[in-house]
Amino acid sequence: MTEKKLTFSAKEHLKSRKEISRIFTNGIFLYSDFIILKYLPGEHQKMHKLAVSVPKRLFKSAVIRNKLKRRIRESYRLNKYILYDYSEKSKVFFNFLVIYKHKEILPYQKIEEHLVILLNKLIEQA
RNA sequence: GCAGUCGGUCAUUCUGUCGCUGUUUUGAACUCAUUUAAGACAGAGGAAAGUCCGGACAACACAGAGCAUUGUACUUCCUGACGGAAGAUACUCGUGAGGGUAUAGUAACGAAGAAGAAAAUAACCGCCCUGAACUUGUUUCGGGGUAAGGGUGAGAAGGUGAAUUAAGAACUCAUCGGUAUUGAAGGUGACUUUAAUAACCGUUCGUCUUACAAGUUGCAAUCUCAUGUAUAUCAGCAUUUAAGGGUUGCUCGUCCGAUGCUGAGGGGUAGAGAGCGAAGAUAAAUGACAGAUUAAAACAGAAUCCGGCUUACGGACCGACUGCUUUU
RNA sequence: GGUCCGGUAGUUCAGUUUGGUUAGAAUACAUGCCUGUCACGCAUGGGGUCGCGAGUUCAAGUCUCGUCCGGACCG
């Protein structure tokens with residue numbers, strides 16, 4: 001896909017409660033040092049869908065949790081072309097969760113780095 | 001100049017690139033719903049927090065009366081209510097500007113561990129008077145008086161002095177502190193100042209009395225739609241009966257029953273919408289990067305809304321005031 | 001988002017209603033006895049700023065306020 005679109009609108013958010021609980025129970029894990037990624041191939045959809053989560057146990061403050069979620073979303077927005085390039089050929093789209101794991105607040109560059117690693121792993125496995 | 005107190009205002013700003021949410025305009029696709037492109041406008045806080053109060057709003061309950069329960073309690077003013085502003089008195093922290101806490105009534109009743117003789121009808125030691133005994137003494141055993149002295153304790157019979165006495169008390173006199181009554185002055189008022197009377201005098205807590213207020217649950221309330229199925233609830237009729245249940249915790253009062261048949265009716269589960277807003281979603285929107293201002297920073301993120309209280313907080317500015325130091 | 005509950009020895013809990021002399025119990029731990037030795041049993045002992053900070057009071061685990069942490073329920 002041409003990288004003209006770097007959007008991440010509400011349609012690409014994973015919203016269905018059912019779908020999320022299905023991924024939580026049956027999803028396939030991918031680990032890095034700071035981030036967990038869980039995914040399942042989606043049915044009857046023409047885009048990838050993403051949900052971001054930062055556990056309340058790691059950070060009590062809502063401000064920090066929001067900040068980390070925004071950093072993850074931003075890094076996905078700028079790097080989702082990796083997945084779309086793959087889907088050009090295979091026509092498979094995914095639903096997946098990204099869960100923050102580390103106990104410290106990481107800067108944007110590190111989050112982006114790790115997310116890219118995980119996305120490449122995902123493509124290798126699929 | 002340094003340090004500080006009180007009150008108020010603000011809570012970085014700007015530029016560029018890429019993006020997010022809502023409303024709206026125009027164009028395109030389309031029968032509509034809707035999708036999509038471009039533009040415009042709006043887009044977290046002083047505490048959004050804690051959920052400590054009050055209210056709006058919603059559902060349910062409710063004939064009424066009394067008692068009980070819970071909460072509040074100085075004054076004036078403001079407020080729909082919580083509460084706030086300005087004061088009063090007492091205690092307390094600070095050198096000071098100032099800060100904090102408490103506040104109805106006392107007629108009646110009750111309680112106060114340990115320690116201590118005794119916790120309110122006070123004689124353990126001591127002090128004073130006196131009887132007896134003998135070992136004639138700074139002795140022993142009795143009788144009586146006495147709250148001046150003693151240790152305990154948060155608190156010991158308002159404090160101090162004089163006079164009096166065997167020692168003392170009471171009474172008396174003087175003075176100081178508090179309470180009460182009366183008068184005068186000031187204040188809207190709580191109250192303050194002052195004079196007189198000579199009546200009263202330990203501390204704390206509870207019960208009690210008076211006045212006012214209080215139904216329950218909460219937007220995950222509640223309502224609508226679609227999917228979809230068995231039996232809550234209500235009404236009528238028939239039969240039978242007085243034990244029990246509901247209504248506010250109790251009493252009075254008051255209402256209701258059980259079984260069968262017929263009819264009406266729509267529980268639970270998952271989803272969408274309304275509730276819901278000129279910020280406003282329903283996995284939940286304000287971001288990322290670069291540059292400038294010396295540094296970009298504190299506490300912290302709306303979820304039905306509004307008013308307060310409390311707690312967290314780097315810094316900047318304005319006004320009033322206090323202490324110290326230097327100079328004039 | 002809303003409504004509630006709890007925090008006490010290493011652990012599990014009493015005690016808080018009605019403030020009072022030295023905060024208890026079980027278990028775990030230590031020492032001794034018992035036994036050839038261990039366990040069981042018996043005896044003794046140590047271990048607590050009652051989550052934290054203020055206030056009321058003569059006196060606070062207990063009452064009041066604030067704060068931190070943990071947990072439950074409500075579609």
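Lettering of chains follows the sequences in order, A, B, ..., and the numbering in each one begins at 1. Predicted, not measured: the structure shown is a model, and the values here were computed from it.
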Original post:
Say you pick atom C1' in G15(C) and the same atom in A117(B); how far apart are they, in whole Å?
Top reply: 36 Å
**OP:** For G100(B), measure the glycosidic angle (O4'-C1'-N9-C4 for a purine, O4'-C1'-N1-C2 for a pyrimidine) and name it syn if it falls within 90° of 0, otherwise anti.
**Re:** anti
Original post:
Is Ile105(A) close to Arg71(A) at the side-chain level, that is, under 4.5 Å between some pair of heavy atoms?
Top reply: yes
Subject >> Residue matched to A86(B) through Watson-Crick or wobble contacts both under 3.5 angstrom >> reply: U75(B)
Subject >> Separation of C299(B) P from Phe59(A) CZ (nearest whole Å) >> reply: 15 Å
**OP:** Could you check if the base of A213(B) is syn or anti? Syn means the glycosidic torsion is within 90 degrees of 0.
**Re:** anti
Original post:
In whole angstroms, how far is the P atom of G301(B) from the NZ atom of Lys69(A)?
Top reply: 13 Å
**OP:** Both distances under 3.5 Å, Watson-Crick or G-U wobble: report the partner of G110(B), or none.
**Re:** C205(B)
Original post:
Given side chains that start at C-beta, do those of His114(A) and Leu118(A) come closer than 4.5 Å, heavy atoms only?
Top reply: no
Subject >> Protein-nucleotide distance (Ile72(A), atom CD1; A283(B), atom C1'), rounded to Å >> reply: 14 Å
Original post:
According to a strict under-4.0 Å criterion, is Ser61(A) in side-chain N/O contact with OP1 or OP2 of G301(B)?
Top reply: yes
Subject >> Rounded distance in Å - CZ (Arg65(A)) to C1' (A284(B)) >> reply: 13 Å
**OP:** Nearest whole angstrom, please: distance from the C1' of G301(B) to the CG of Leu68(A).
**Re:** 14 Å
Original post:
What distance, rounded to whole Å, do you find between the two C1' atoms, one in A123(B) and one in A174(B)?
Top reply: 32 Å
Subject >> Partner set under ring pair (Phe, Tyr, Trp, His ring centres under 6.0 Å) for Phe96(A), not counting sequence neighbours >> reply: Tyr76(A)
Original post:
Quantified in whole Å, what is the P atom distance between nucleotide C313(B) and nucleotide G271(B)?
Top reply: 43 Å
Subject >> Whole-angstrom distance between A297(B) and C41(B), as gauged at atom P >> reply: 28 Å
Subject >> side chain to side chain contact (heavy atoms under 4.5 Å, CB included), paired with Ile82(A), selected from Leu122(A), Leu115(A), Asn120(A) >> reply: Asn120(A)
**OP:** Would you kindly confirm whether Val63(A) and Ile72(A) end up in one hydrophobic cluster when ILVMFWY residues are joined by side chain heavy atoms under 4.5 Å apart?
**Re:** no
Subject >> P atoms of A278(B) and A274(B), separation to the nearest Å >> reply: 14 Å
Subject >> Nearest-Å distance once atom P is located in both U67(C) and A49(B) >> reply: 13 Å
**OP:** Return the minimal non-hydrogen interatomic distance between Tyr100(A) and Pro55(A), and the atom names on each side.
**Re:** O-CD, 3.3 Å
Original post:
Paired with U13(B): which nucleotide, if any, by Watson-Crick or G-U wobble criteria at under 3.5 Å for both distances?
Top reply: A292(B)
Original post:
For U23(B), which nucleotide in any strand shown is its Watson-Crick or wobble partner with both distances under 3.5 Å?
Top reply: A40(B)
Original post:
U259(B) pairs with which nucleotide, Watson-Crick or G-U wobble, both distances below 3.5 Å?
Top reply: A238(B)
Original post:
What pair of heavy atoms forms the shortest contact from Leu106(A) to Ile111(A), and how long is it?
Top reply: O-CD1, 3.8 Å
Original post:
Does any non-hydrogen side-chain atom of Phe29(A) lie less than 4.5 Å from one of Lys38(A)?
Top reply: yes
**OP:** Assign G144(B) to syn or anti; the rule is syn for a glycosidic angle within 90° of 0 and anti otherwise.
**Re:** anti
Original post:
Considering every strand shown, what is the Watson-Crick or G-U wobble mate of C299(B) when both distances are under 3.5 Å?
Top reply: G45(B)
Original post:
What distance, rounded to whole Å, do you find between the two P atoms, one in G161(B) and one in A195(B)?
Top reply: 26 Å
**OP:** Check every strand shown and say whether Arg73(A) touches a base, only sugar-phosphate, or nothing at a heavy-atom separation below 4.0 Å.
**Re:** sugar-phosphate
Original post:
Which nucleotide, in any strand shown, forms a Watson-Crick or G-U wobble pair with U5(B), with both distances under 3.5 Å?
Top reply: A320(B)
Subject >> Pairwise C1' distance for G4(B) and U12(B), with rounding to whole Å >> reply: 28 Å
Original post:
Which stems, defined as runs of 3 or more consecutive Watson-Crick or G-U wobble pairs with both pairing distances under 3.5 Å, involve RNA chain C?
Top reply: C:1-7 with C:68-74, C:10-13 with C:24-27, C:29-33 with C:41-45, C:51-55 with C:63-67
Original post:
Given that Ser53(A) and Ile64(A) both sit by RNA chain B, which one's nearest nucleotide is further toward the 5' end?
Top reply: Ser53(A)
Subject >> Salt-bridge contact Arg77(A)-Glu74(A) (side-chain N to carboxylate O under 4.0 Å) >> reply: yes
Original post:
How about Ile117(A) and Ser32(A): do any of their side-chain heavy atoms sit closer than 4.5 Å?
Top reply: no
For nucleotides 287-289 of chain B, which of its nitrogen or oxygen atoms have a protein nitrogen or oxygen under 3.5 Å away, and what is each distance?
from, atom 1, to, atom 2, distance (Å)
G287(B), N2, Glu74(A), OE2, 3.2
G287(B), N2, Arg77(A), NH2, 3.3

Subject >> Distance in Å, Ser53(A) OG paired with Lys101(A) NZ, rounded so as to fall on 0.5 Å steps >> reply: 14.0 Å
Original post:
How long is the line joining CG of Asn66(A) and P of A285(B), in whole Å?
Top reply: 6 Å
**OP:** Over all heavy atoms of both residues, which pair between Val52(A) and Lys69(A) is shortest? Give the atoms and the distance, please.
**Re:** CG1-CG, 3.8 Å
Original post:
For A184(B), which nucleotide is its Watson-Crick or G-U wobble mate, given both distances must be under 3.5 Å?
Top reply: U193(B)
